[in-house]
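Encoded as structure tokens, the structure appears first; notes follow it.
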Amino acid sequence: MIRTFAINAENIADVVERVRHHRPRVHCLMNTVVQKFTADGITAVDAIPSMTSSMEEIASFVAKANALTINLGTLDAERRKVIMHAVQVANGEKKPWIVDPVHCDYSPSRLAFAQQLLALSPTIIRGNAAEMELFEETVNSLRIQTGPQDHLSIGKRSVRVSNGHPWMAKVTGTGCLSGGVIAAFMAVEPDPLLAASAALCVTGIAAQLAATYANGPGTFEPAFLDALSAISRQDIITHARIEHDEG
Amino acid sequence: MIRTFAINAENIADVVERVRHHRPRVHCLMNTVVQKFTADGITAVDAIPSMTSSMEEIASFVAKANALTINLGTLDAERRKVIMHAVQVANGEKKPWIVDPVHCDYSPSRLAFAQQLLALSPTIIRGNAAEMELFEETVNSLRIQTGPQDHLSIGKRSVRVSNGHPWMAKVTGTGCLSGGVIAAFMAVEPDPLLAASAALCVTGIAAQLAATYANGPGTFEPAFLDALSAISRQDIITHARIEHDEG
Amino acid sequence: MIRTFAINAENIADVVERVRHHRPRVHCLMNTVVQKFTADGITAVDAIPSMTSSMEEIASFVAKANALTINLGTLDAERRKVIMHAVQVANGEKKPWIVDPVHCDYSPSRLAFAQQLLALSPTIIRGNAAEMELFEETVNSLRIQTGPQDHLSIGKRSVRVSNGHPWMAKVTGTGCLSGGVIAAFMAVEPDPLLAASAALCVTGIAAQLAATYANGPGTFEPAFLDALSAISRQDIITHARIEHDEG
């Protein structure tokens with residue numbers, strides 16, 4: 001049984017510091033659209049990304065990683081095989097993993113595959129409202145419904161994170177990037193609710209700070225990476241908007 | 001018979017407003033190099049991009065989309081099958097599509113494939129001078145020859161667009177991105193000549209405005225996305241350089 | 001036998017000018033993560049990148065190219081076949097090529113493939129310390145070990161390049177990009193030691209200059225591309241840190 005700590009700004013800042021100290025490895029099975037942006041985001045929090053999706057190599061890379069993030073964008077038959085193999089390795093070695101069933105509401109075959117993955121007990125499943133409503137209540141997995149507010153719940157525990165900026169929705173891949181940051185945080189924090197709340201709070205605060213340096217969604221993107229890499233305990237304490245969610 | 005409107009700044013600004021109001025979905029079969037940049041450009045004009053190129057999923061995604069853009073960069077055997085299937089769905093549902101036979105002058109097999117696509121009557125084919133001279137006169141497709149000036153022609157109608165900035169040629173994928181914006185504009189404007197003229201004029205003006213905020217091609221890229229998302233009716237009226245082309 | 005020139009700032013600036021004058025074509029077999037960033041870097045030095053990795057097309061593209069860069073990131077079975085075919089074409093036409101066995105220390109199958117490539121006498125092999133120690137002394141290939149200082153050696157000749165900035169390690173793909181720039185420089189300079197020293201010196205100086213315009217790794221990336229495209233003979237003479245390496 002994991003000892004759980006309160007979800008508050010101080011504990012979130014502690015998780016950020018542990019990532020910077022331990023530099024965990026995060027393997028990403030990421031859609032090809034946002035691989036670099038996600039890798040840059042993982043690097044910005046001082047974790048170490050890897051990205052290969054080759055069947056011959058995936059086991060070696062997952063075995064070296066401390067956490068795994070799986071994104072179902074640009075999904076094809078070969079990729080499904082690789083994802084399944086990666087999940088077997090991660091479950092076998094008790095490594096945390098998160099799945100983002102992006103656009104599974106567009107494609108029945110993608111939804112069916114997402115449901116197969118959910119049966120393998122990911123540590124976390126995260127999606128938007130349209131995606132998450134397609135999945136029944138989960139027993140072992142933390143559910144995250146992202147949006148202007150992010151709702152996180154597992155069993156009777158739930159949290160609402162209200163940090164962020166509208167320009168995040170104008171930059172392709174900010175959600176995919178935050179999935180990578182969640183994985184990095186899970187690698188150093190055993191409570192997935194604290195790890196994920198921390199990752200969403202920190203990326204949201206970085207976006208708020210970045211917006212003051214940007215003229216639009218284009219210049220917001222590099223400013224966001226600057227802010228994410230520089231975020232301080234004081235920034236978190238000043239700006240965190242975390243509440244225990246009444247659901 | 002499509003009722004055609006004059007190609008002028010006011011009508012171009014109307015198309016931009018219709019895209020912002022209707023937020024059409026654009027599916028992209030895009031080379032892997034520039035998927036994110038293209039998605040960010042489509043998002044900047046308030047349309048909604050999708051990018052999957054999986055055989056199992058392409059029909060679902062094209063069916064959900066309002067227009068399709070096909071780019072022949074990084075082409076392989078699987079991708080050819082997916083593109084053909086996507087075109088069948090688009091033609092079957094009378095959805096507009098544009099093909100960019102990028103670098104078909106480098107590769108006989110890519111040229112042969114581009115010619116197969118042209119026989120399926122794309123709404124628009126666009127390429128540079130070296131690419132376009134490889135294609136005979138088309139009956140049903142708008143032809144766009146891009147360069148310092150863009151030449152658009154279909155039947156007896158033709159237009160020249162002279163907006164743009166030299167730094168566009170120093171940023172990989174600005175042409176691919178403009179193909180995505182053309183698709184977004186075709187989704188709300190039935191006359192392909194007006195839709196394409198509007199897209200090329202607006203991306204060109206955004207580049208001109210962005211250059212004043214940039215120090216080189218690197219900082220030009222985010223400034224271009226800022227300008228594209230913020231472009232106003234007044235910007236278009238002030239800067240549009242559109243002429244009826246004497247060929 | 002290649003006539004070799006001294007490795008110094010003046011000769012490095014001459015190589016940069018030759019690339020800008022001749023605009024060589026560089027074909028990249030690049031991991032999907034950093035294709036655009038690498039293409040933008042090659043374009044910034046006024047060379048012309050291409051990126052396809054399709055079996056049907058690779059021979060045509062390599063035949064059109066003046067140099068080839070091969071990066072083993074995101075490696076799969078199809079990609080291995082394509083790489084082998086590309087190398088045969090390059091060797092058959094005596095075109096210079098560089099291989100970057102990125103992360104071969106993570107994956108036995110990737111290491112075995114890298115060793116097969118090394119047996120085909122690449123003009124250059126480059127990697128970090130962990131990667132390079134896995135390869136025995138090479139006879140025909142220039143070895144580059146990258147890090148805070150870059151060590152280059154072939155036969156009895158060796159050079160140390162000390163330019164660069166710590167933010168390069170915070171931006172995914174700066175090493176991959178420099179592999180593309182090395183290929184561009186090899187296309188105009190027959191001595192691989194001068195070509196590679198020049199490329200690493202110039203990218204390192206661009207990073208140093210860019211850092212003064214950036215607030216963090218996010219804004220460093222576009223500023224780096226600006227600096228790389230604008231770098232002058234005087235910048236090189238003022239900032240080059242090249243020494244003959246005592247090993």
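Order of the sequence lines fixes the chain letters, A, B, ..., with proteins taken first and strands second; residue numbering starts at 1 for each chain. Keep in mind the model is a prediction, meaning the values are calculated, not measured.
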- Which residues, numbered in order, of residues 33-43 of chain B come under 4.5 angstrom of chain A by heavy-atom distance? Gln35(B), Lys36(B), Ala39(B), Asp40(B), Thr43(B)
- Item | Over all atoms of both residues, closest heavy-atom pair of Lys170(A) and Ala44(B) | NZ-O, 4.4 Å
- Task: Starting at OG1 of Thr219(A), measure out to CG of Leu225(B) and round the result to the nearest 0.5 Å.
- Result: 9.0 Å
- Of the listed residues (Ala227(B), Ala210(B), Ser50(B), Ser54(B)), which shares the most heavy-atom pairs with chain A below a 4.5 Å separation? Ser54(B)
Can you list, pair by pair, the side-chain donor-acceptor contacts under 3.5 Å of residues 80-89 of chain B, counting residues two or more places apart and other chains?
unit_1, atom_1, unit_2, atom_2, d
Arg80(B), NH1, Ser109(B), O, 3.4
Arg80(B), NH2, Ser109(B), OG, 3.2

- Looking at Thr52(B), Asp226(B), Asp46(B), Leu228(B), which has the largest count of heavy-atom pairs under 4.5 Å with chain A? Asp226(B)
- Message: Considering only residues two or more places apart or on different chains, which pairs with a residue in residues 197-216 of chain B satisfy side chain to side chain donor-acceptor pair (under 3.5 Å)?
- Response: Asn163(B)-Gln208(B)
- Task: Check whether Ala214(A) gets within reach of chain B through its side chain, its backbone, both or neither, counting any heavy atom under 4.5 Å.
- Result: neither
- Interface residue of largest heavy-atom contact number with chain B, from Gly173(A), Ala77(A), Ala169(A), Pro222(A), under 4.5 Å: Ala77(A)
- Can you tell which of Glu57(B), Met30(B), Glu56(B) has the highest number of heavy-atom pairs within less than 4.5 Å of chain A? Glu57(B)
- Considering heavy atoms only, which positions within residues 58-69 of chain B lie below 4.5 Å of chain A? Ser60(B), Phe61(B), Lys64(B)
- Query: Can you say whether Met55(B) sits under 4.5 Å from chain A via the side chain, the backbone, both, or neither, judging by heavy atoms?
  - Reply: neither
- Message: Nearest 0.5 angstrom please: Ser229(B) OG to Phe220(A) CZ, how far?
- Response: 12.5 Å
- Query: Among Asn31(A), Asp76(A), Val171(A), which residue forms the greatest number of heavy-atom pairs with chain B at distances under 4.5 Å?
  - Reply: Asp76(A)
